[in-house]
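First comes the structure, then the notes that go with it.
The figures that follow rest on heavy atoms only: side chains count, while hydrogens, waters and symmetry mates do not. Start at 1 and go down the list; that is how both ligands and their atoms are numbered. Note that this is a predicted model, so its numbers are computed, not measured.
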Amino acid sequence: FCERRNVIGMDEKGFLQPTETVVADSDLLKKKLDALRFSGPQKLQVIADFDATLTRYWIDGCRGQTSHGLLKQGNPEYDTKRDELYKYYHPLEYSPTISREEKTKLMEEWWGKSHSLLIEGGLTFDAIKQSVTAATIAFREGVVELFELLEEKGVPVLIFSAGLADIIEEVLRQKLHRSFKNIRIVSNRMVFDDNGCLVSFKGKTIHSLNKNEHALDMAAPLHDQLGDVDGTINDSASVRKRTNVLLLGDHIGDLGMSDGLNYDTRISVGFLNDNIENSLDSYRNAFDVVYLNDASMLGVVKLVRQLFP
Ligand code: TMP
């Protein structure tokens, strides 16, 4: 679906205007940057949300799809039902006027209904691969450079998503064309039966407002979920010793991703993609740096390069 909106940064013809960066407290940001530089890359870890943070919000004038949204179950009736849920709940997810408590209930409802439909409607692993190939999804410009730079500096990246781990892995496989030793994923993971059909989800559901409750999962032993992770960069003991955090998100709830980590210094970067007029104040107060207008990741690449030349 395409729903080009008239947001700040898009002129009347729909062309994107240059990115804007908003920093509420530049002295504080400078202090935090100095602290990260002083401690070095061996003390840093990056925690990044996936949908609309690593991926673009707009793609050729259409909304980029989320890991949930790109799925085609091979069962149009169920795809339509999940689309209807998206149209109802997604505006509520970003509404600046609904209380956090109320919103949490709504998000539990949405994820519960959506995951049940995926099971009921019959999803196979093959359908996942095909859905990703056909999807409107793309990484922000600069994401590959960022991953390469962090890998070179030995900095682990945790992708912490309320989306679907199995889809995110397939997107990484298909769209990045290479694997990274330093990337780990914490997200909702599917369980398939011997015929490759989805039968359930592992553990407690992660939705966009309860990431804080799952933050400690990052420090848990790695088990089987961590396909291609190099034990020296990204094992749980080493991640716990990394007391500085660079957090990337697009939702205020993403700030909870680092809860329970006991970090010394955290720099938070927020991508404010839509509804800018109404949300800018809360984003400016919540994140150290806010990028407007579906910005690229190049600002973050520059920031990391300046820290560790
Ligand atoms: P994130 O934590 O990677 O941002 O992923 C969560 C996004 O997934 C959130 O913005 C809502 C979206 N979503 C869908 O698009 N469809 C769904 O069925 C559900 C449950 C969530």
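Some N or O of Ala162 is nearer than 3.5 Å to an N or O of ligand 1, by distance alone. Here's the thing with Asp49: one of its N/O atoms is less than 3.5 angstrom from an N/O atom of ligand 1. The N/O atoms of Asp51, backbone and side chain alike, include one that comes under 3.5 Å of an N/O atom in ligand 1.
With a 6.0 Å cutoff to the six-membered ring centre and a 45° limit on the axis angle, Arg178 counts as a cation-pi contact of Phe180. In this structure, Arg63 forms a cation-pi arrangement with Tyr57, its terminal cationic atom sitting closer than 6.0 Å to the ring centre and no more than 45° off the ring axis.
Using a 4.0 Å cut-off between charged side-chain N and carboxylate O, Arg56 and Asp294 make no salt bridge.
At least one donor-acceptor pair under 3.5 Å links the side chain of Lys32 to the backbone N or O of Arg266. A side-chain donor-acceptor contact under 3.5 Å links Gln73 to the backbone of Leu117.
In this model, a donor atom of one side chain and an acceptor atom of the other lie less than 3.5 Å apart for Asp250 and Tyr94. Using a 3.5 Å distance cut-off with no hydrogens or angles, the side chains of Thr243 and Asp264 do pair a donor with an acceptor. Side chains of Tyr89 and Glu109: a donor-acceptor N/O pair is present below 3.5 angstrom, by distance only.
Atoms of ligand 1 lying under 4.0 Å from at least one heavy atom of Ser114, given by number and element, are 17 (C), 18 (O), 20 (C). Within ligand 1, the atoms closer than 4.0 Å to a non-hydrogen atom of Ser161 are 1 (P), 2 (O), 3 (O), 5 (O), numbered from 1 in the order shown. Listed by number with element, the atoms of ligand 1 under 4.0 Å from a non-hydrogen atom of Lys211 are 2 (O). Listed by number with element, the atoms of ligand 1 under 4.0 Å from a non-hydrogen atom of Phe50 are 3 (O). Each of the following atoms of ligand 1 lies closer than 4.0 Å to a heavy atom of Tyr86: 14 (C), 15 (O).
Counting protein heavy atoms only, atom 16 (N) of ligand 1 is closest to His68 CB, 3.1 Å. When hydrogens are left out, the protein atom nearest atom 15 (O) of ligand 1 is Thr66 OG1, 2.6 Å; that is the closest non-hydrogen contact. When only non-hydrogen protein atoms are considered, atom 20 (C) of ligand 1 lies nearest to Trp111 CD2, 3.5 Å.
The proximity of Tyr89 to ligand 1, defined as any non-hydrogen pair under 4.0 Å, does not occur for either the backbone or the side chain. Neither the backbone nor the side chain of His251 comes within contact range of ligand 1; no heavy atom lies under 4.0 Å. For Glu93, every heavy-atom contact with ligand 1 shorter than 4.0 Å involves the side chain, none the backbone.
Phe139 is listed as a side-chain neighbour of Val171, based on a closest heavy-atom distance under 4.5 Å.
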